Amino acid sequence: MSQELTVPCAGELFAELLPARGPVRAVSRFAEGSVTGAYRIGFAQADALPVVLKIYGTDSLWEAAKEARALRFLTGHGINISPRVLAFSSAADALGGRPCVVSSLRPGRTLTEVGDALTQAQLHEVYRQVGEVLKRLHAIPADGYGYVNGEIHKPLPDNRSHMDRMFERELRAFRENAADPAPGPDPDLADDLTAYVAAHSAAFSACLRPAYCHGDVHEPNLLVDLAEDGTCALTGLLDPLNMHAGDPLMDFVRLDAFSMRGDPTKIDGLLSGYGISVPGRPSGPWPVPWRSRLRLYRIALALELYNWFTIIGQTIHLPSLTRELRELVSGVEVQSQTDR
């Protein structure tokens, strides 16, 4: 939103959407995301629990609807650390016709906020719980590979055809974006990426069944409650706007690129909770059978980010992503150079 939400405006909205909650007492902003504004709404009635209000642009109804459907999917399948949808409006009068989603407020603070205060044992435990949640999510049967918006859109029967479709789309956009307004410092990169993916695409077939993937698992989207006795509990899994059906390793790649960055404690905790035990595996590294796909998915992620940052005008990230793509296609071991 271009303007901050006021208490009177919120009061008008909630009188329509959730009248039983009573008058709005307080409004505070959680975050200024690239897509939405998110607010904590408090009510005057003592027994009325606060809620989260996410407001979308007038041209982003599809995003609001997709996120509401994804949240309902998660809670409907027992992923109860996800917020529960309480109300939805496709065009709220009180918000100037903007769509919005109202959801329950999950306890805790983001793992980004508390991470530096955690011991290695606590960090391992939090990531173990992340692994458990992802294992439950990935076990939900999916009937094809593809974009999820209530249902799987144009599902494909196998991972290789799914990833071929994804790379065709992202590489086409990358060629357009990298050449606008002028050729970048690595004019052969698009051709080299295309050749690399084609040469290694057989690795995609190692994924034998599709899984529902959250699509944006990283520490800003994970809530943690740290008790006085030192016990850590994973209490929230937020923002499933990018949910899709695909290789479950896609969730691991995003989490590693944005948050784990090869940290052995985090990787060990995650794999422990996910139920992966590889005898003789050194602490930290991913299982060997995964590694060829992981690199391909890192390329897919970097392409997605390059195209996204181009669209929203945050071109400051493009040089580091260009370097990352060049290193990935050259076989260099690389950690993500893009912060989110």
Side-chain angles (χ1 to χ4, degrees), residues 1-75 80-114 149-150 215-216 218-225 235-243 308-309 311-314 316 339-340:
M1 290 186 67
S2 58
Q3 297 179 338
E4 286 296 313
L5 182 70
T6 64
V7 169
C9 180
E12 180 184 346
L13 176 69
F14 281 89
E16 178 184 350
L17 295 183
L18 294 174
R21 298 270 168 157
V24 170
R25 179 180 57 84
V27 172
S28 57
R29 195 179 188 97
F30 279 117
E32 179 64 61
S34 59
V35 177
T36 65
Y39 296 86
R40 184 186 192 274
I41 308 296
F43 299 92
Q45 295 179 184
D47 60 346
L49 297 176
V51 300
V52 175
L53 169 67
K54 294 187 73 172
I55 304 171
Y56 299 76
T58 53
D59 59 348
S60 298
L61 174 58
W62 71 271
E63 293 175 349
K66 183 179 190 296
E67 182 151 4
R69 293 183 185 118
L71 288 171
R72 289 178 176 132
F73 177 91
L74 292 171
T75 55
N80 293 323
I81 64 170
S82 289
R84 183 167 53 91
V85 175
L86 303 174
F88 172 82
S89 176
S90 61
D93 290 339
L95 302 175
R98 294 180 178 88
C100 68
V101 176
V102 181
S103 62
S104 58
L105 175 66
R106 296 296 307 166
R109 299 161 60 195
T110 69
L111 187 50
T112 302
E113 293 179 87
V114 304
N149 189 354
D216 203 13
H218 58 128
E219 292 184 359
N221 286 340
L222 298 168
L223 298 181
V224 174
D225 184 53
T235 56
L237 176 63
L238 311 179
D239 295 342
L241 181 61
N242 291 335
M243 180 174 279
W308 171 244
F309 286 133
I311 290 170
I312 65 176
Q314 294 187 14
I316 189 173
D339 294 324
R340 282 196 54 189

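Only a predicted model underlies this, so the values are computations on that prediction, with no experimental measurement involved.
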Over all heavy atoms of both residues, which pair between [X] and [Y] is shortest? Give the atoms and the distance, please.
X: Leu223; Y: Gly108; value: CD2-O, 4.3 Å
X: Glu67; Y: Pro240; value: OE2-CD, 3.8 Å
X: Tyr56; Y: Ala64; value: CD1-CB, 3.5 Å
X: Gly22; Y: Gln45; value: CA-OE1, 3.6 Å
X: Gly42; Y: Pro50; value: CA-CB, 4.4 Å

Neighbour count above 12 (heavy atom, 6.0 Å) for Arg84 CZ: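 Check fails, neighbour count at 12 or below.
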
Using 0.5 Å steps for rounding, measure from the [atom1] atom of [X] to the [atom2] atom of [Y].
X: Asn221; Y: Asp216; atom1: CG; atom2: CG; value: 5.0 Å
X: Asn80; Y: Leu74; atom1: CG; atom2: CG; value: 10.0 Å
X: Ser82; Y: Asp239; atom1: OG; atom2: CG; value: 10.0 Å
X: Leu71; Y: Met243; atom1: CG; atom2: CE; value: 8.0 Å
X: Glu219; Y: Leu111; atom1: CD; atom2: CG; value: 4.0 Å

Arg109/Asp225 salt bridge by N-O under 4.0 Å criterion: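 A salt bridge is absent here (no side-chain N lies under 4.0 Å from a carboxylate O).
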
Taking the side chain as every heavy atom from C-beta outward, state whether [X] and [Y] have any pair of such atoms under 4.5 Å apart.
X: Ser103; Y: Leu86; result: no
X: Asp93; Y: Leu95; result: no
X: Leu105; Y: Val51; result: no
X: Val52; Y: Tyr39; result: no
X: Leu222; Y: Leu237; result: yes

Intermediate values then yes/no, side-chain contact (heavy atoms from CB on, under 4.5 Å), Leu17 and Ser89: CA-CA 8 Å; Leu17 295 183; Ser89 176; 4.1 Å; yes

Verdict with reasoning, Ile41 to Val27, per side-chain contact (heavy atoms from CB on, under 4.5 Å): CA-CA 5 Å; Ile41 308 296; Val27 172; 3.9 Å; yes

Side-chain ([X]) to main-chain ([Y]) donor-acceptor, under 3.5 angstrom:
X: Lys54; Y: Cys100; answer: no
X: Ser60; Y: Glu63; answer: no
X: Arg21; Y: Leu18; answer: no

Which residues share a side-chain hydrogen bond (donor to acceptor under 3.5 Å, both in side chains) with Thr110, sequence neighbours left out: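 For Thr110 the side-chain hydrogen bond (donor to acceptor under 3.5 Å, both in side chains) partners, ignoring immediate neighbours, are Glu113.
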
Step-by-step side-chain contact (heavy atoms from CB on, under 4.5 Å) determination, Ile81 to Thr235: CA-CA 5 Å; Ile81 64 170; Thr235 56; 5.7 Å; no

Audit row: Leu53, Leu13, side-chain contact (heavy atoms from CB on, under 4.5 Å) steps and yes/no: CA-CA 10 Å; Leu53 169 67; Leu13 176 69; 3.7 Å; yes

Pair listing, ring-ring contact (aromatic ring centres under 6.0 Å, His included) test, anchored in residues 83-103, at least two apart: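 Residue pairs passing ring-ring contact (aromatic ring centres under 6.0 Å, His included), neighbours aside: none found.
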
